[in-house]
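In this chain, numbering begins with 1 at the start of the sequence shown. Order of listing sets the numbers, starting from 1, for every ligand and every atom in it.
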Amino acid sequence: MSMLRPLRLLLLGAPGSGKGTQTSKLLKLFPHIHSLSSGDVLRSQISQGTKISKTASKYIKEGKLVPDDVMVGLISSHFKQHNWLNSETSWLLDGFPRTANQAVELDNWLSETQNNINLVVELDVDQKVILDRIEARWVHIPSGRVYSLDYNPPKAPFKDDVTGEPLSKRDDDTAAVFQRRLDLYNKLLGPLKDFYSKKGVLHTVSGNTSDIIFPKLESLIKDKFQK
Ligand SMILES: Nc1nc2c(ncn2[C@@H]2O[C@H](COP(=O)(O)OP(=O)(O)O)[C@@H](O)[C@H]2O)c(=O)[nH]1
Ligand SMILES: Nc1ncnc2c1ncn2[C@@H]1O[C@H](COP(=O)(O)OP(=O)(O)O)[C@@H](O)[C@H]1O
């Protein structure tokens with residue numbers, strides 16, 4: 001197992017571009033990396049019926065973003081609860097920050113601890129191919145495991161490979177809501193990329209399948225962070 005210098009990675013990508021898929025491939029290669037998907041955090045809040053779940057599910061169902069202050073609160077408490085801020089921990093963020101304002105908040109907070117994001121990778125996938133992916137996506141909500149009827153089907157039909165529990169379709173994975181999420185992503189991406197390219201940490205990897213993208217992502221990480 002190859003070891004890395006502390007990696008603090010942000011994966012940017014349109015809905016359905018393969019952020020979750022790339023994360024699970026990376027964790028197989030580098031099991032010591034801690035990962036956090038903002039969408040999974042919200043979905044688990046919703047399944048636990050926590051006090052923010054009502055507001056959150058309304059925004060998610062409409063393909064809108066959950067307010068920045070709610071997200072910053074959720075993610076920063078995750079960092080604290082899991083002690084991610086010690087200097088040796090490698091972590092990966094999927095789906096947060098998603099707005100320039102969230103990026104500024106996170107940066108203010110991380111720079112006090114010298115644990116700032118040191119690699120941002122934009123997954124550049126032809127947006128024509130991702131609607132089909134969304135329509136084929138099934139998820140195991142409690143674990144965040146992601147399946148595809150085409151690309152990586154579960155061993156037993158519509159059952160999670162690990163627990164055997166039923167898979168579900170996400171409420172926001174309809175064509176109409178997906179289009180709103182995609183439009184929102186395209187609107188917000190520019191300022192977010194500017195923020196990180198000014199810091200010299202932004203890279204883009206292109207490819208229309210995750211199997212094309214992954215080797216590029218892997219070599220980018222190994223070139224920069226392998227011990
Ligand atoms: N056909 C196809 N489906 C893929 C590919 N990569 C990921 N998927 C599937 O597409 C859907 C979206 O991928 P996901 O990783 O959830 O994207 P995210 O929304 O960016 O996290 C999931 O059902 C994946 O299993 C690919 O290269 N080809
Ligand atoms: N950083 C964030 N800021 C605001 N809302 C978010 C954030 N991350 C996730 N969400 C909400 O959760 C939904 C699902 O997010 P996610 O699982 O990352 O979907 P996808 O990767 O398909 O875009 C988003 O459409 C949005 O409503």
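A salt bridge (charged side-chain N to carboxylate O under 4.0 Å, His left out) check over residues 38-58, counting only residues at least two apart or in different chains, returns the pairs Asp40-Arg43.
Of the charged side-chain nitrogens involved, none lies within less than 4.0 Å of a carboxylate oxygen, so that Arg145 and Asp161 do not count as a salt-bridged pair.
Pairing each heavy atom of Ser53 with each of Ile46, the nearest pair is CB-CA, 3.5 Å. Minimum interatomic distance between Asp124 and Ile213 (heavy atoms only, all atoms of both residues): O-CD1, 4.4 Å.
Between the Asn118 side chain and the Arg8 main chain, a donor and an acceptor come within less than 3.5 Å of each other. A donor-acceptor pair is defined here as one N or O able to donate and one able to accept, closer than 3.5 Å; such a pair exists between the side chain of Arg181 and the backbone of Asp172.
Between Ala136 and ligand 1, no N or O atom pair is found at a separation short of 3.5 Å. Not a single N or O atom of Asp211, backbone or side chain, sits closer than 3.5 Å to an N or O atom of ligand 1. For Gly20, a nitrogen or oxygen atom sits less than 3.5 Å from a nitrogen or oxygen atom of ligand 1, counting backbone and side chain alike. Backbone and side-chain nitrogen or oxygen atoms of Asn208 are examined, and none is located within less than 3.5 angstrom of a nitrogen or oxygen of ligand 1.
Within the hydrophobic cluster formed by Ile, Leu, Val, Met, Phe, Trp and Tyr side chains joined at under 4.5 Å, directly or through other members, Tyr147 is accompanied by Trp138, Leu149, Phe158, Leu167.
Between Leu119 atom CG and Leu9 atom CG the span is 5.0 Å, to the nearest 0.5 Å. Rounding to the nearest 0.5 Å gives a distance of 4.0 Å between CZ of Arg170 and CZ of Arg137. Taking OH of Tyr151 as the start and OG1 of Thr21 as the end, the distance is 6.0 Å to the nearest 0.5 Å. Interatomic distance, CG of Leu184 versus CG of Leu189, reported as 11.0 Å (0.5 Å rounding).
Of the protein's heavy atoms, Thr21 OG1, 3.7 Å lies nearest to atom 24 (C) of ligand 1. With respect to atom 9 (C) of ligand 1, the closest heavy atom belonging to the protein is Ser148 CB, 3.9 Å. The protein heavy atom nearest to atom 1 (N) of ligand 1 is Tyr151 CB, 3.7 Å. For atom 22 (C) of ligand 1, the nearest protein heavy atom (residue, atom name, distance) is Val146 CG1, 3.4 Å. Counting only heavy atoms of the protein, atom 16 (O) of ligand 1 lies nearest to Arg137 NH1, 2.9 Å. Closest protein heavy atom to atom 10 (O) of ligand 1: Arg133 CB, 3.4 Å.
Residue contacts with ligand 1, taken as heavy atom pairs separated by less than 4.0 Å, involve Ala14 solely via the backbone atoms N, CA, C and O. At a heavy-atom cutoff of 4.0 Å, ligand 1 is contacted by both the backbone and the side chain of Thr209. With a 4.0 Å cut-off on non-hydrogen atoms, Asn152 touches ligand 1 through its side chain and not its backbone.
Close approach to Lys19 involves these atoms of ligand 1, each under 4.0 Å from a residue heavy atom: 15 (O), 17 (O), 18 (P), 19 (O), 20 (O), 21 (O). With ligand atoms numbered from 1 in the order given, ligand 1 contributes 22 (C), 23 (O), 25 (O) to contacts under 4.0 Å with heavy atoms of Tyr147. Counting the atoms of ligand 1 from 1 in the order shown, those under 4.0 Å from a heavy atom of Gly18 are 13 (O), 14 (P), 15 (O), 17 (O), 18 (P), 20 (O). Within the listing of ligand 1, atoms 5 (C), 6 (N), 7 (C), 26 (C), 27 (O) sit less than 4.0 angstrom from a heavy atom of Ser210.
By the side chain to side chain contact (heavy atoms under 4.5 Å, CB included) test, Thr99 pairs with Leu65, Asp68, Asn101, Gln102, Leu188, sequence neighbours left out.
Between Trp91 and Trp84, the ring-plane angle classifies as parallel under the 30° and 60° cut-offs. Under the 30°/60° scheme for interplanar angles, the aromatic rings of His82 and His78 are found to lie parallel.
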Distances only, to 0.1 Å: what are the N or O pairs between ligand 2 and the protein that fall under 3.5 Å?
| residue | atom | partner | partner atom | Å |
| --- | --- | --- | --- | --- |
| ligand 2 | 1 (N) | Gly95 | O | 2.8 |
| ligand 2 | 1 (N) | Gln102 | OE1 | 3.0 |
| ligand 2 | 3 (N) | Gln102 | NE2 | 2.9 |
| ligand 2 | 5 (N) | Val66 | N | 3.0 |
| ligand 2 | 8 (N) | Ser38 | OG | 2.8 |
| ligand 2 | 8 (N) | Gly95 | O | 3.4 |
| ligand 2 | 8 (N) | Arg98 | NE | 3.4 |
| ligand 2 | 17 (O) | Arg43 | NH1 | 3.0 |
| ligand 2 | 17 (O) | Arg43 | NH2 | 2.9 |
| ligand 2 | 17 (O) | Arg170 | NH1 | 3.3 |
| ligand 2 | 18 (O) | Arg98 | NH2 | 2.5 |
| ligand 2 | 19 (O) | Arg170 | NH2 | 3.0 |
| ligand 2 | 21 (O) | Lys19 | NZ | 3.0 |
| ligand 2 | 22 (O) | Arg137 | NH2 | 3.2 |
| ligand 2 | 22 (O) | Arg170 | NH2 | 3.4 |
| ligand 2 | 22 (O) | Arg181 | NH2 | 2.6 |
| ligand 2 | 23 (O) | Arg98 | NH1 | 3.4 |
| ligand 2 | 27 (O) | Lys64 | O | 2.6 |

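Within a 6.0 Å radius of NZ in Lys224, other residues, nucleotides and ligands contribute 12 heavy atoms or fewer.
A heavy-atom separation below 4.0 Å is found between Gly16 and ligand 1.
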